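The structure under discussion appears below in the form of structure tokens.
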Amino acid sequence: MDIILVAGLWMGGWAWYEVAPALEAAGHRPVPVTLPGMGSVDADRSTISLADHVAAVVEAIDSAPGEQVVLVGHSAAAGIVYAAADARPDRVARLILVGGFPTADGDPLLRGYEPVGAELPLPDWSEFDDADLRDLGEGGMAAFGAYAVPSPAGVVTGIQQLRDERRLDIPVTAVSTEYSSDDLREWIAAGEAPVQEFTRLRDVTYVDLPTGHWPMLTRPQQLARIIVAQPPIGDGTIAPEIEIISSKAFHAAEGVEDWRVLYGGAHAFFRTESLGDGARLVAEVVAIAEEQGHFPDVDLRPEGVFVKTFSHRSGSLSAADARLAAAVSAAARRLGLEPDPSVLRVLGIAVVQGPDAHVRPFWTAALGYEPMGADDAVDPLRRSPHLWFQTMEPPKSGRGRTHIDVSVPRDRVDAYVAAALEAGGRLADDSHAPEWWTLASPDNHGVDLAAWSDDTDQAY
């Protein structure tokens with residue numbers, strides 16, 4: 001089924017960059033919508049109205065090949081998708097309102113905001129409540145600020161126009177984010193004006209997603225699970241969130257001595273005498289993965305087999321990774337194969353940019369990567385180095401630079417640092433040791449040797 005995704009103020013279709021792949025992986029067709037005027041800070045927003053934004057969502061509904069769609073509206077866009085559903089009530093199977101409310105006929109889309117001329121720029125973060133900013137973090141705020149586009153004043157101050165009361169029969173899911181479902185019900189019962197349209201809806205499901213106001217940025221996987229659980233897409237059962245464990249917790253599990261936690265997950269390498277020996281181990285890994293329902297990356301080489309296990313494409317680990325790792329090591333032992341953790345290392349590339357630069361779209365396009373989180377980009381097939389984007393401090397106008405990160409096992413990092421220094425490098429900065437050491441080559445190219453991921457007690 002088509003799932004049309006519409007983000008709130010200051011956002012375009014980019015806001016769903018983590019949610020959309022999860023919906024697609026679940027077998028649906030996500031349609032992130034960038035509303036008129038929201039594609040660029042340079043766009044002319046002076047004549048754009050609320051009706052224009054509603055019309056853009058209606059056009060997405062009309063373009064959908066199926067009989068019905070699901071509309072997802074976040075924050076202020078909850079009122080926009082509600083009006084689109086009013087225009088096409090027969091085509092909308094469900095409305096999912098995320099951190100926002102259905103705007104009643106004759107009400108302004110929003111109250112409490114004062115546009116500046118023809119636009120409403122993103123306010124300073126100090127103007128938001130702590131509850132709004134929960135889980136966003138400094139990196140998330142920086143990334144959001146880089147992508148943000150002012151919203152048209154004509155939309156913010158526009159008056160809702162509804163005509164077809166068949167919209168009241170469309171099932172609605174209200175996802176509460178920085179407030180709870182209990183809070184929302186209390187506001188409805190107390191007669192608070194912005195939420196009174198809920199009293200007219202005939203089928204409302206209340207769901208809690210405890211985070212800040214932008215869950216597509218802070219809890220995208222959980223938001224995707226909520227969306228795909230809603231009828232008629234799902235049966236109403238929301239898949240539980242995977243409990244992420246730390247590297248220390250992974251290493252404390254029984255049978256994982258062969259493994260090291262580096263960028264991208266937990267890694268192991270088992271040496272073989274031939275490609276056939278490696279293929280036999282690969283067959284064992286496939287059988288283990290099928291039995292456990294947890295699927296690692298496997299790299300077969302004549303010299304041996306690399307195995308990487310992870311529970312999220314960021315490299316986060318869960319108890320399932322420890323179980324799989326122990327089973328793979330046991331299989332390698334049965335085949336007479338020995339682990340060799342000394343060869344384990346994972347490369348990452350840090351792209352350093354000026355505070356006003358916005359370079360991730362270029363890098364993702366050039367490399368065929370996908371955005372991940374607020375600051376990163378990854379190869380969707382996990383073959384090539386992870387990219388992350390850092391702000392240059394102090395700022396240097398017009399200049400960017402990159403450096404290589406090498407994620408290495410904790411028990412090997414001293415040897416790697418010593419070897420690099422002996423080979424002509426110099427120690428540029430050890431103030432972050434033992435998390436990472438910054439080295440410079442003889443021609444002053446930077447390399448960070450990072451061991452932090454292998455023994456952190458923080459789940460990430």
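Since we're looking at a predicted model, the values are computed, not measured. Each residue takes its place number in the sequence, starting with 1.
- Residues V351 and Q390 fail the side-chain proximity criterion, which asks for heavy atoms closer than 4.5 Å.
- The closest side-chain donor-acceptor pair between D430 and H432, if any, does not fall under 3.5 angstrom.
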Please set out all donor-acceptor pairs under 3.5 angstrom arising from side-chain atoms of residues 64-79, sequence neighbours excluded.
residue: Q68; atom: NE2; partner: D90; partner atom: O; Å: 3.2
residue: H74; atom: ND1; partner: G8; partner atom: N; Å: 3.1
residue: H74; atom: NE2; partner: H213; partner atom: O; Å: 2.8
residue: S75; atom: OG; partner: H213; partner atom: NE2; Å: 2.8

Apply side chain to side chain contact (heavy atoms under 4.5 Å, CB included) to residues D405 and W436 and explain how you reach the verdict. CA-CA 9 Å; D405 268 28; W436 73 87; over 6 Å; no
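- Among pairs with a residue in residues 335-351, those fulfilling side chain to side chain donor-acceptor pair (under 3.5 Å) read R271-D340, D340-S342, R345-Y416, at least two apart in sequence or across chains.
- Here the CG-CG distance, from L201 to L168, works out to 6.0 Å after rounding to the nearest 0.5 Å.
- Panel note: side chain D321, backbone S318; a donor-acceptor pair is recorded below 3.5 Å.
- The backbone N or O of R313 sits nowhere less than 3.5 Å from a side-chain atom of R382 that would complete a donor-acceptor pair.
- Remark: side-chain polar atoms of D208 are not paired, donor with acceptor, to backbone N or O of P210 under 3.5 angstrom.
- Side chains of D203 and V172 form no contact here, defined as non-hydrogen atoms less than 4.5 Å apart.
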Evaluate the criterion side chain to side chain contact (heavy atoms under 4.5 Å, CB included) for residue pair E59 and V33; output intermediate values, then yes/no.
CA-CA 10 Å; E59 181 180 356; V33 175; over 6 Å; no
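- Within the 4.5 Å cutoff, the side chain of T205 has heavy atoms near those of the R94 side chain.
- Between R410 and D454 there is no salt bridge, since none of the side-chain N atoms of the basic residue sits less than 4.0 Å from a carboxylate O of the acidic one.
- Surrounding CD of E435 are more than 12 heavy atoms belonging to other residues, nucleotides or ligands, all under 6.0 Å away.
- Annotation for V285 and P296: closest pair CG1-CG, 3.8 Å, computed over non-hydrogen atoms.
- Interatomic distance, CZ of R219 versus OG1 of T177, reported as 11.0 Å (0.5 Å rounding).
- Using cut-offs of 30° and 60° for the angle between ring planes, the Y17 and W14 rings count as parallel.
- If you check the side chains of H386 and D376, you find a donor sitting under 3.5 Å from an acceptor.
- The backbone N or O of S453 lies less than 3.5 Å from a partner atom in the side chain of S247, making a donor-acceptor pair.
- Ion pairing between R323 and E291 fails under the 4.0 Å rule for side-chain N and carboxylate O.
- Counting non-hydrogen atoms of other residues, nucleotides and ligands closer than 6.0 Å to CD of E138 gives a total of 12 or fewer.
- The aromatic rings of W452 and Y263 lie tilted to each other, with the angle between the two planes from 30° to 60°.
- Looking at S329, its side chain never comes within 3.5 Å of a backbone N or O of A326 through a donor-acceptor pair.
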Checklist entry - Taking it one step at a time, do R185 and D182 satisfy salt bridge (Lys or Arg N to Asp or Glu O under 4.0 Å)? => result CA-CA 5 Å; R185 289 188 184 95; D182 287 342; 3.5 Å; yes
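- F144 has its ring centre less than 6.0 Å from the ring centre of W214.
- Between S311 and L317, the shortest heavy-atom distance links the atoms OG-C, 4.1 Å.
- Applying the ring-ring contact (aromatic ring centres under 6.0 Å, His included) test to pairs two or more places apart or on separate chains, those with a residue in residues 280-315 are F269-F306.
- Under the side chain to side chain contact (heavy atoms under 4.5 Å, CB included) rule, P339 has a single partner from R333, R260, E257, which is R333.
- Counting non-hydrogen atoms of other residues, nucleotides and ligands closer than 6.0 Å to CG of D130 gives a total of 12 or fewer.
- With a 4.5 Å cut-off on side-chain heavy atoms, V57 and L35 count as touching.
- Side chains of T173 and Q230: a donor-acceptor N/O pair is present below 3.5 angstrom, by distance only.
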*asked:* Please evaluate residues V307 and H267 with respect to the criterion side chain to side chain contact (heavy atoms under 4.5 Å, CB included), reporting the C-alpha separation (whole Å), side-chain torsions for both, the decisive distance (0.1 Å), and the verdict.
replied: CA-CA 6 Å; V307 186; H267 303 249; over 6 Å; no
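- Residues I80 and Y82 are not in side-chain contact: their nearest non-hydrogen atoms beyond the backbone lie 4.5 Å or more apart.
- Taken to the nearest 0.5 Å, the CG atom of L344 stands 10.0 Å off from the CG atom of D258.
- Contact detail for P215 and G212: the closest heavy-atom pair is CD-O, 3.9 Å.
- Comment: R301 engages D299 in a salt bridge, judged by a side-chain N to carboxylate O separation of less than 4.0 angstrom.
- No side-chain donor-acceptor contact under 3.5 Å links T438 to the backbone of A428.
- A side-chain N or O of T218 and one of T211 form a donor-acceptor pair less than 3.5 Å apart.
- When atom types are taken as modelled, the side chain of D277 and the backbone of T272 share no donor-acceptor pair closer than 3.5 angstrom.
- No donor-acceptor distance shorter than 3.5 angstrom exists from the side chain of D448 to the backbone of A450, with no hydrogens or angles considered.
- Here CZ of R29 is found 12.5 Å from CG of L23. Values are rounded to the nearest 0.5 Å.
- Between E370 and P380 the shortest side-chain heavy-atom distance falls below 4.5 Å.
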| query | Would V149 and W10 count as a side chain to side chain contact (heavy atoms under 4.5 Å, CB included) if you check the C-alpha gap in whole Å, the side-chain angles of each, and the deciding distance to 0.1 Å? | reply | CA-CA 5 Å; V149 171; W10 315 299; 6.0 Å; no
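- Considering every non-hydrogen atom in both G100 and Y179, the closest pair reads N-OH, 3.6 Å.
- In this structure, R202 CZ and D169 CG are separated by 4.5 Å, a value rounded to the nearest 0.5 Å.
- Rounding to the nearest 0.5 angstrom, the gap separating the CZ atom in R134 from the CG atom in L136 is 12.5 Å.
- Side-chain atoms of D183 come within 3.5 Å of backbone atoms of S180 as a donor-acceptor pair (strictly under, hydrogens ignored).
- Remark: the backbone N or O of A131 is not paired with any side-chain donor or acceptor of D129 at under 3.5 angstrom.
- Checked against the 6.0 Å centroid criterion, the rings of W187 and F198 do not qualify as a close aromatic pair.
- Taking 4.0 Å as the cut-off between side-chain N and carboxylate O, K248 and D455 do not count as a salt-bridged pair.
- For the pair L281 and L337, the minimum side-chain heavy-atom distance is below 4.5 Å.
- Of all heavy-atom pairs between P371 and R360, the closest is CB-CZ, 3.8 Å.
- For the residue pair P32 and A20, the shortest heavy atom distance occurs at CG-CB, 4.3 Å.
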